[in-house]
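Below is one structure, written out as structure tokens; comments come after it.
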There are 2 protein chains.
Amino acid sequence: MLNYSASEENYIKAIYRLQRQDGTVTTNELAHELKTKPASVTDMMKKLKLKKLLRYQPYQGFRLTQEGGKVALGIIRRHRLWEYFLAEKLKFTWDEVHEVAEDLEHVSSKKLIDKLDEFLGFPRVDPHGDPIPDAHGRMETSKKIILTELPAGTPAVVSNVINQSTAILELLEHKKIIIGTRLEVKKKFEFDESLEIRIGRQPAFTISHQLAENIFVQLV
Amino acid sequence: MLNYSASEENYIKAIYRLQRQDGTVTTNELAHELKTKPASVTDMMKKLKLKKLLRYQPYQGFRLTQEGGKVALGIIRRHRLWEYFLAEKLKFTWDEVHEVAEDLEHVSSKKLIDKLDEFLGFPRVDPHGDPIPDAHGRMETSKKIILTELPAGTPAVVSNVINQSTAILELLEHKKIIIGTRLEVKKKFEFDESLEIRIGRQPAFTISHQLAENIFVQLV
DNA sequence: AAAATTATTTAGTTTTGTCTAAATAATTTT
DNA sequence: AAAATTATTTAGACAAAACTAAATAATTTT
């Protein structure tokens, strides 16, 4: 496995993330995601194609090759292990870990990451509930659904929170919703799409559609 | 405190290190130290002068300004804390930590470093015995002397090992010399400048001049 | 199907950090 | 003190990664 620049790695990561959704990724999508210009994306795509990390014909979208996918999983592994370290060992709050991990993830010593993994006790998910790829690039894939799509009356466990702002953290802490919380939707209100949910035996309470949109759950 | 590029930081660190010895640093010295060309050094010096991190007139040497010194101590703090982390928590051997810390040191979040410091229990020296600057840039300065200059019969404690190769580590482990070891020079041989030393009550043994040159001790 | 719009690429610059080759300054030798 | 050597700087190029402006290709509207 060769070494890639921080910039190349950021592109690879972004393509990986976007192609999960759409299957393929366009120049504009990527430019928007990386807060850069379409022309810069085209330049980098040529470079990554040359390095055989992605397939792309002008005016079609891009997809990572097998090799590109492996590289992406390596970067994601580093990122999520550092996030876990920051939250678990250094007591960073949940909303602070991402930014610092964005820098740490580009330090690419394999030995460092494998030893860090061991030190942390081989964690399987990061502080936001995202799965951490193992040393071979394997990652747990559990079917997650958005809370807004969980049918009323079906028990589920919070597995993941997408938005990582301080604002959402404050709200979740207040509502006592954390990763692992078991909950159930009691009722969905059509008017504002708010949800009434219940945690354990406590009294039910209401959360907004905006909040529910950022929470993923797994059926239990 | 502004942010500097990895390259700028490497220059600052090197100047700091070299000016400890000579008081001032020349273009060629720096080029040699950083394995780069004199022309590149001149370019970077112009830039660092512009940023008021160092003083320099063409054809005279350079010296860091006060601000430059502070920046240097910040980088050294990061480097040594990561070295401590790698050795203490991730169980890297003593000769492996430097290389990885060279990359980690450029991640410049102050919060990260201060929390890392706390997590590690505010260590005062890194795995090679070099002092770690605190959050205010203060660093223990104990007078260290090279083992070759320790007079026979004077008890001292190993405080520092300079050369960080696997080769020297192997030798030191075999001889059971580590940082903190209390020893005494019994005799100095003029012929090959080898030293006979004794650790505690064990039988004395001989070490080469090349080895002794890389060991610093403190009087006790 | 032509026109208008949108998406993408190309061409030409910029910045950072490096390099080589040439020029100049300082020092040492003779 | 002139010549030779060594140290340093300048000039000009290059690669990486970004940008703007212009050109071209694809898609959507009418």
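All chains are named by letter (A, B, ...) in the order of the sequence lines, taking the proteins before the strands, and each is independently numbered beginning at 1. We use all heavy atoms of the structure for the numbers below, so side chains are in, but hydrogens, waters and symmetry mates are not.
In this entry the distance linking CG of B:D43 with C1' of D:dT10 reads 9 Å, nearest Å. When the P atom of C:dA26 is taken as reference, atom CD of B:Q57 falls 12 Å away, rounded to whole Å. Atom OH in B:Y4 sits roughly 20 Å away from atom P in C:dT15 (whole-Å rounding). Summarising the geometry, the separation between CZ on A:F62 and C1' on C:dT8 is reported as 9 Å, rounded to the nearest angstrom. The CE atom of B:M44 sits 14 Å away from the C1' atom of C:dC19 (whole-angstrom rounding). One can place CE of B:M45 at 15 Å from C1' of D:dA7, the figure rounded to the nearest angstrom. What separates CD of B:Q60 from P of C:dT24 is a distance of 20 Å, to the nearest Å. Taking atom CG on B:L50 and atom C1' on C:dT16, their separation rounds to 14 Å, with Å as the unit.
For C:dT8, one of the phosphate oxygens OP1 or OP2 lies less than 4.0 angstrom from a side-chain nitrogen or oxygen of A:N28.
Comparing atom distances between the A:T26 side chain and each of C:dT8, D:dA18, D:dT10 picks out C:dT8 as nearest. If you check D:dT9, D:dC19, C:dT10 against the side chain of A:K46, the one that comes closest is C:dT10. Comparing D:dA21, D:dT8, C:dC19 against the side chain of A:A39 picks out D:dA21 as the nearest. Listed candidates were C:dT18, D:dA7, C:dT8. Nearest to the side chain of A:T42 is C:dT8. For A:K37, the side-chain atoms get nearest to D:dT20 when compared with the rest of D:dT20, D:dA18, C:dT20.
Electrostatic pairing of A:D130 and A:R124 does not count as a salt bridge here, judged by no charged N lying under 4.0 Å from a carboxylate O. Between B:E149 and B:K144 there is no salt bridge, since no side-chain N of the basic residue sits under 4.0 Å from a carboxylate O of the acidic one.
Base pairing annotation: C:dA11 forms a Watson-Crick or G-U wobble pair with D:dT20, both donor-acceptor distances under 3.5 Å. The partner of C:dT30 is D:dA1, judged by Watson-Crick or G-U wobble contacts that both fall below 3.5 Å. For C:dA25, the paired base is D:dT6 (Watson-Crick or G-U wobble, both distances below 3.5 Å). D:dC14 is paired with C:dG17 under the Watson-Crick or G-U wobble criterion, all donor-acceptor distances under 3.5 Å.
Of the N and O atoms on the side chains of A:T26 and A:N28, not one donor lies less than 3.5 Å from an acceptor on the other residue. With hydrogens and angles left out, the side-chain atoms of B:H106 and B:N10 include a donor and acceptor closer than 3.5 Å.
Contact of A:Y59 with D:dT27 (side chain to base): no donor-acceptor pair of N or O atoms is detected under 3.5 Å. With hydrogens and angles ignored, no donor-acceptor pair closer than 3.5 Å exists between the side chain of B:Y56 and the base of D:dT8.
Nearest heavy-atom pair across A:P123 and A:L81 is CG-CD2, 3.9 Å. Between A:P38 and A:A31 the shortest heavy-atom distance is N-CB, 3.7 Å.
Contacts of B:S7 with the nucleic acid, taken as non-hydrogen atoms under 4.0 Å apart, involve only primed sugar atoms and P, OP1 or OP2. At a threshold of 4.0 angstrom between heavy atoms, the contacts of B:S40 include nucleobase atoms, whether or not backbone atoms are also involved.
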